[in-house]
Amino acid sequence: MAEAYFPVGPGLGMEENFLSLDDILMSQEKLPGRAESALPRLAVMLGQGAGSAESVPEGSKLEMPLWLAKGLHDSKRRIISVELPKIYKEAWRTVFSADANVVDLHKMGPYYYGFGSQLLNFENPENPEIAQSLQVCAGDGSVFPVSDSVCLLQTFIARFRRIMDSSQNAYNEDTSALVARLDELERALFQVGQKGLNDFQCWEKGQASQITASSLVQNYGKRKLTEVDG
């Protein structure tokens, strides 16, 4: 029987994929900021008024969902300014540099990597090198840019090996404790590792007819062919 729903992967870049449930949920994450001009009829949406016609005064501190912040952001008109969430600031970058594995990323932000890449859409004086992006490979073979200034790449590298080791050493076990501290991208990687382990165990026991290439390898091959054709 065909599946009723085929999951759509996140955009994993500066632009979301609005067919992805992960990106829809990520776009609801809040950003701290400030109203640089009056915002008509947005007081109720931002929790600062009782009437639908009320405006947010200039200079007000804001907590905006990502989708609204991106809609209002305009570098020429200065409608709003956006601040870095605390988990991306210098104090937390120091913690990640010391030992990224001790941090409960799911508690701090379930879309740490995806949400962090969205910060590239906003100018921030704490990230002068934000335009100098690096690339991280996702579990489905896609890539997304991350900023060196918010330590996304270093955090990913520091946590990646432990995640994959855990996924390869938990066969027929309860893995809820292993994934509890992971963000959603890391959980997806863990599931990829688990699937590979389970498929290998089935093949070893003679319960599978053949080993097929993983989606990671297939997608990588398609990208290389596209680069050659281009």
Side-chain angles (χ1 to χ4, degrees), residues 7-36 39 42-49 56 60-75 79-93 95-96 100 102-127 130-131 133-136 138-140 142-156 158-159 163 179-191:
V8 177
L12 297 176
M14 292 177 65
E15 296 299 329
E16 305 102 312
N17 181 347
F18 287 105
L19 295 178
S20 165
L21 292 179
D22 282 330
D23 276 355
I24 292 171
L25 292 172
M26 181 191 67
S27 70
Q28 301 296 322
E29 294 286 306
K30 296 295 183 66
L31 272 173
R34 181 177 181 273
E36 300 295 339
L39 304 176
L42 286 181
V44 173
M45 181 177 293
L46 295 170
Q48 297 194 5
V56 176
S60 300
K61 291 186 176 181
L62 306 172
E63 285 285 335
M64 301 165 285
L66 173 65
W67 63 267
L68 181 59
K70 290 179 69 174
L72 293 175
H73 182 257
D74 188 322
S75 58
I79 300 172
I80 61 167
S81 58
V82 171
E83 301 173 10
L84 283 178
K86 66 179 182 178
I87 194 173
Y88 300 101
K89 290 186 176 181
E90 183 178 359
W92 275 101
R93 296 202 297 268
V95 173
F96 285 123
V102 304
V103 181
D104 187 340
L105 273 192
H106 202 268
K107 180 179 180 180
M108 298 302 297
Y111 298 96
Y112 175 76
Y113 300 106
F115 192 67
S117 68
Q118 291 292 316
L119 298 177
L120 295 169
N121 287 290
F122 306 100
E123 298 174 2
N124 194 293
E126 195 169 332
N127 296 320
I130 198 166
S133 62
L134 301 170
Q135 289 188 329
V136 166
D140 62 355
S142 59
V143 294
F144 70 102
V146 296
S147 166
D148 182 59
S149 66
V150 293
C151 285
L152 298 184
L153 180 63
Q154 293 91 334
T155 302
F156 183 87
R159 293 167 64 95
I163 292 168
V179 301
R181 298 165 65 87
L182 307 183
D183 104 310
E184 293 300 324
L185 173 60
E186 293 174 337
R187 289 184 176 190
L189 288 172
F190 185 91
Q191 291 171 2

Got a sec, which residues hit side chain to side chain donor-acceptor pair (under 3.5 Å) with Glu29, two or more places apart in sequence or on another chain?
none
How would you list, by chain and number, every residue that makes a ring-ring contact (aromatic ring centres under 6.0 Å, His included) with His73, sequence neighbours excluded?
Phe122
Can you list everything that forms a side-chain contact (heavy atoms from CB on, under 4.5 Å) with [X]? Sequence neighbours excluded, please.
X: Gln191; answer: none
X: Ala100; answer: Phe96, Thr155, Ala158, Arg159
X: Lys86; answer: Trp92, Met108
X: Lys61; answer: none

Do [X] and [Y] make a side-chain contact, defined as non-hydrogen atoms from C-beta onward lying under 4.5 Å apart?
X: Phe115; Y: Leu31; answer: yes
X: Asp74; Y: Ile80; answer: no
X: Arg187; Y: His106; answer: yes
X: Lys107; Y: Leu105; answer: no
X: Val82; Y: Pro32; answer: no

Could you tell me which non-hydrogen atom of [X] sits nearest to which non-hydrogen atom of [Y], and how far apart they are?
X: Ser117; Y: Gly114; value: OG-O, 2.7 Å
X: Leu84; Y: Lys89; value: O-CE, 3.0 Å
X: Asp104; Y: Ala180; value: OD1-O, 3.8 Å
X: Phe156; Y: Leu185; value: CE1-CD2, 4.1 Å

Could you grab the distance from atom [atom1] of [X] to atom [atom2] of [Y], nearest 0.5 Å is fine?
X: Ser60; Y: Leu39; atom1: OG; atom2: CG; result: 8.0 Å
X: Leu46; Y: Lys30; atom1: CG; atom2: NZ; result: 8.5 Å
X: Leu68; Y: Met45; atom1: CG; atom2: CE; result: 6.0 Å
X: Tyr113; Y: Asp183; atom1: OH; atom2: CG; result: 6.0 Å

Identify, with sequence neighbours excluded, every residue that meets salt bridge (charged side-chain N to carboxylate O under 4.0 Å, His left out) alongside Arg34.
Glu36
Using atom types as modelled and distance alone, determine if a side-chain donor or acceptor of Asn121 lies under 3.5 Å from a backbone N or O of Gln118.
yes
Show, in sequence, the C-alpha distance, side-chain angles and deciding distance for Val179 and Ile163, and conclude whether the side chain to side chain contact (heavy atoms under 4.5 Å, CB included) test is met.
CA-CA 8 Å; Val179 301; Ile163 292 168; over 6 Å; no
Between Tyr112 and Glu184, is any side-chain donor less than 3.5 angstrom from a side-chain acceptor?
no
Kindly determine whether Leu19 and Ile24 satisfy side chain to side chain contact (heavy atoms under 4.5 Å, CB included), including the steps that lead there.
CA-CA 8 Å; Leu19 295 178; Ile24 292 171; over 6 Å; no
For Leu189 and Leu182: C-alpha separation, side-chain torsions, deciding distance, then whether side chain to side chain contact (heavy atoms under 4.5 Å, CB included) applies.
CA-CA 10 Å; Leu189 288 172; Leu182 307 183; over 6 Å; no
